Amino acid sequence: MFKVEIKNLSVNTFIGVSMKERKKKQLLKVSLNFKYSVSKNKELDNIKNLKDYSNITKFLKNYIEHTSCKTLEKLVSETVKIISKKFNLKNVKLTINKTIVAKKYGCDSLSVSN
């Protein structure tokens, strides 16, 4: 069993409930975790037998940059659905942190996860 973790991927996107909040891109830090197995008879040096985390990372960043979600909760839910289906992933855990908003309130982190 392999565990893959993409941690604190920086993504700038328009997100927020109010129009004022959505006028300017916000920095989000995104972390994605998933596990997967490879059959014993599969070659581990062949990318075709593995999950291509480079493509997963690129897709994740692009999807979040172009989202129309207003809340982190909706963004987490929709992203997990689409990434699970597109890359055939199970047990996906996604955390999205609004770092700038966290600093505004004097905390290290303000995040939503599934």
Side-chain angles (χ1 to χ4, degrees):
M1 175 80 59
F2 296 100
K3 179 181 178 186
V4 176
E5 179 179 41
I6 300 164
K7 190 171 184 178
N8 292 325
L9 175 67
S10 294
V11 182
N12 287 295
T13 192
F14 295 103
I15 192 164
V17 176
S18 70
M19 281 303 295
K20 181 182 175 186
E21 197 177 11
R22 287 193 310 270
K23 282 186 178 181
K24 186 175 152 187
K25 284 191 174 185
Q26 295 182 51
L27 174 65
L28 303 178
K29 293 290 187 166
V30 180
S31 295
L32 178 79
N33 295 286
F34 62 90
K35 295 177 185 176
Y36 74 100
S37 297
V38 177
S39 300
K40 288 182 182 180
N41 61 348
K42 298 281 185 171
E43 174 59 46
L44 293 177
D45 275 338
N46 186 340
I47 191 66
K48 291 179 182 179
N49 298 325
L50 308 173
K51 298 296 179 183
D52 187 344
Y53 42 84
S54 178
N55 280 339
I56 293 169
T57 302
K58 288 175 192 173
F59 178 84
L60 180 64
K61 185 169 182 127
N62 186 59
Y63 181 78
I64 292 174
E65 283 176 340
H66 296 94
T67 187
S68 60
C69 296
K70 294 179 182 178
T71 66
L72 291 179
E73 290 81 356
K74 175 78 170 179
L75 181 56
V76 167
S77 178
E78 293 299 313
T79 304
V80 168
K81 269 192 253 180
I82 197 161
I83 212 159
S84 295
K85 185 175 181 181
K86 180 170 180 59
F87 295 100
N88 193 26
L89 302 176
K90 301 212 184 318
N91 302 317
V92 174
K93 175 152 171 107
L94 180 69
T95 301
I96 301 179
N97 186 357
K98 274 190 168 183
T99 56
I100 302 301
V101 174
K103 287 179 184 176
K104 177 180 165 183
Y105 291 109
C107 54
D108 293 335
S109 176
L110 194 156
S111 62
V112 174
S113 59
N114 63 328

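Predicted model, so just to flag it, every value in this text is computed and none were measured.
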* To do: Before giving the answer on side chain to side chain contact (heavy atoms under 4.5 Å, CB included), spell out for Glu5 and Ser31 the whole-Å C-alpha distance, their side-chain angles and the decisive distance to 0.1 Å.
  => CA-CA 7 Å; Glu5 179 179 41; Ser31 295; 5.6 Å; no
Does the [X] side chain pair with the main chain of [Y], one donor and one acceptor, at a distance under 3.5 Å?
X     : Y     : answer
Ser37 : Met1  : no
Gln26 : Ile15 : yes
Glu78 : Lys74 : no
Ser77 : Glu73 : no
Asn12 : Lys25 : no

* Asked: Checking side chain to side chain contact (heavy atoms under 4.5 Å, CB included) for the pair Tyr105/Leu110: CA distance, chi angles, key distance, verdict?
  -> CA-CA 9 Å; Tyr105 291 109; Leu110 194 156; 4.3 Å; yes
Nearest atoms (heavy-atom pairs only) where [X] meets [Y]:
X     : Y      : answer
Lys61 : Ser10  : NZ-O, 2.7 Å
Lys51 : Asn88  : NZ-O, 3.1 Å
Ile47 : Asp52  : CD1-CA, 4.2 Å
Ile96 : Leu72  : CG2-CD2, 3.6 Å
Arg22 : Gly16  : NH1-O, 2.8 Å
Asn97 : Ser111 : CA-CB, 3.7 Å

* Can you check whether Val30 reaches Thr79 side chain to side chain, under 4.5 Å on heavy atoms? ->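 Side chain of Val30 against side chain of Thr79, heavy atoms only: no contact under 4.5 Å found.
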* Asked: Going by heavy atoms in the side chains, are Leu32 and Leu94 under 4.5 Å from each other?
  ->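 With C-beta onward as the side chain, the pair touches.
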* Single-linkage hydrophobic cluster Phe2~Leu89, side-chain heavy atoms < 4.5 angstrom ->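 Yes, Phe2 and Leu89 fall within the same hydrophobic cluster.
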* Determine whether Leu44 and Val4 fall in the same hydrophobic cluster, where Ile, Leu, Val, Met, Phe, Trp and Tyr are linked whenever their side-chain heavy atoms lie under 4.5 Å apart. =>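 Shared cluster, yes.
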* **Trace of the side chain to side chain contact (heavy atoms under 4.5 Å, CB included) decision for Leu75 with Leu28** => CA-CA 11 Å; Leu75 181 56; Leu28 303 178; 4.0 Å; yes
* Verdict with reasoning, Phe87 to Phe34, per ring-ring contact (aromatic ring centres under 6.0 Å, His included) -> CA-CA 11 Å; Phe87 295 100; Phe34 62 90; 8.7 Å; no
* **Distance (rounded to the nearest 0.5 Å) between Ser109 OG and Lys103 NZ** => 11.5 Å
